[in-house]
Amino acid sequence: MTVKNKTHQLTLMAMFAALAYILMVVGRLPISTVSFLKYDPKDVILVISGFVLGPMPALLVTVVVSLIEMLTVSSTGIIGLIMNVLSSAGFACTAAVVYKKRHSLKGAALGLVLGVVAMVVLMLLWNYFITPYYMGYPREAVAAMLVPVFLPFNLIKGALNAAIAMLIYKPISRALRRAGLMESTAGGQAPEKKNVVGAMLVAALVLVSCIFAVLIMKGIL
């Protein structure tokens, strides 16, 4: 599927930005012992914007949403803005680049997996460099938190958002096509039904597994 024209592209960018911001506000959940590490599902919308519009529009939407978040609900200031952009863009733009090159169900799945990997690596790297200044901790203390704290948080966050995106992308793309905002790609072939069902089952399994992991981390299970 492709966006019909620039007006539709701008409309979709504004819509995705608004949806991502709303989900960020209403869906923030503490799933870590570190107070500033909160899960929110905005990356689901950001990666779908990348699938629909491409990596550069997804980056622009990410920056806009992160900036509005900093100005309205975030207490982490410019550091939080930088980390939000790095995290969300690492996930959404990586997935979008892969999907643009391999426009298929397998390409979407591969893109989401690589997006999670990119996001996790970026967050481990930048938490090591930036968190000591933000938290006022010695770098050695932050380094000791990378594997037991930052790694599981970002893995769960990325896997949750990837699974949800996999489950809802097709219904959203069909809705956009019915609304006249997108058109079918010429010559495109729909994936086989068994492949779609298999992908949905895997995504659902990942989603359930992440929920159990969060409950275990919170001491509920």
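A quick note: this is a predicted structure, and the numbers were derived from the prediction, not measured.
- Among residues at least two apart or in separate chains, side-chain hydrogen bond (donor to acceptor under 3.5 Å, both in side chains) pairs with a member in residues 17-31 are Y21-T72.
- Heavy-atom minimum distance, A118 versus G90: CB-O, 3.6 Å.
- The shortest side-chain heavy-atom distance between M83 and I130 falls under the 4.5 Å cut-off.
- Classified by interplanar angle (parallel below 30°, tilted 30° to 60°, perpendicular above 60°), the ring pair Y99/F51 is tilted.
- Residues Y137 and T131 fail the side-chain proximity criterion, which asks for heavy atoms closer than 4.5 Å.
- Residue pairs that meet the side-chain hydrogen bond (donor to acceptor under 3.5 Å, both in side chains) test with at least one member in residues 144-168, sequence neighbours left out, are Y39-N161, S87-K157.
- In terms of the salt bridge (charged side-chain N to carboxylate O under 4.0 Å, His left out) criterion, residue partners of K42 (sequence neighbours excluded) are, by chain and number, D40, E69.
- Considering only heavy atoms from C-beta on, V52 comes within 4.5 Å of F16 through its side chain.
- Counting heavy atoms from C-beta on, the side chains of M24 and V73 come closer than 4.5 Å.
- Residues L176 and M15 are in side-chain contact: their nearest non-hydrogen atoms beyond the backbone lie under 4.5 Å apart.
- Counting heavy atoms from C-beta outward, L201 and V197 have side chains that approach closer than 4.5 Å.
- The closest side-chain heavy-atom distance from F150 to M123 is not below 4.5 Å.
- Other members of the cluster containing V202 are V206, with ILVMFWY side chains joined at under 4.5 Å, either directly or via other members.
- More than 12 heavy-atom neighbours from other residues, nucleotides or ligands sit within 6.0 angstrom of NZ on K38.
- In this structure, the side chains of R139 and Y133 come closer than 4.5 Å at one or more pairs of heavy atoms.
- Applying the salt bridge (Lys or Arg N to Asp or Glu O under 4.0 Å) test to pairs two or more places apart or on separate chains, none has a residue in residues 146-155.
- S88 is linked by a side chain to side chain donor-acceptor pair (under 3.5 Å) to D43, counting only residues two or more places apart in sequence or in another chain.
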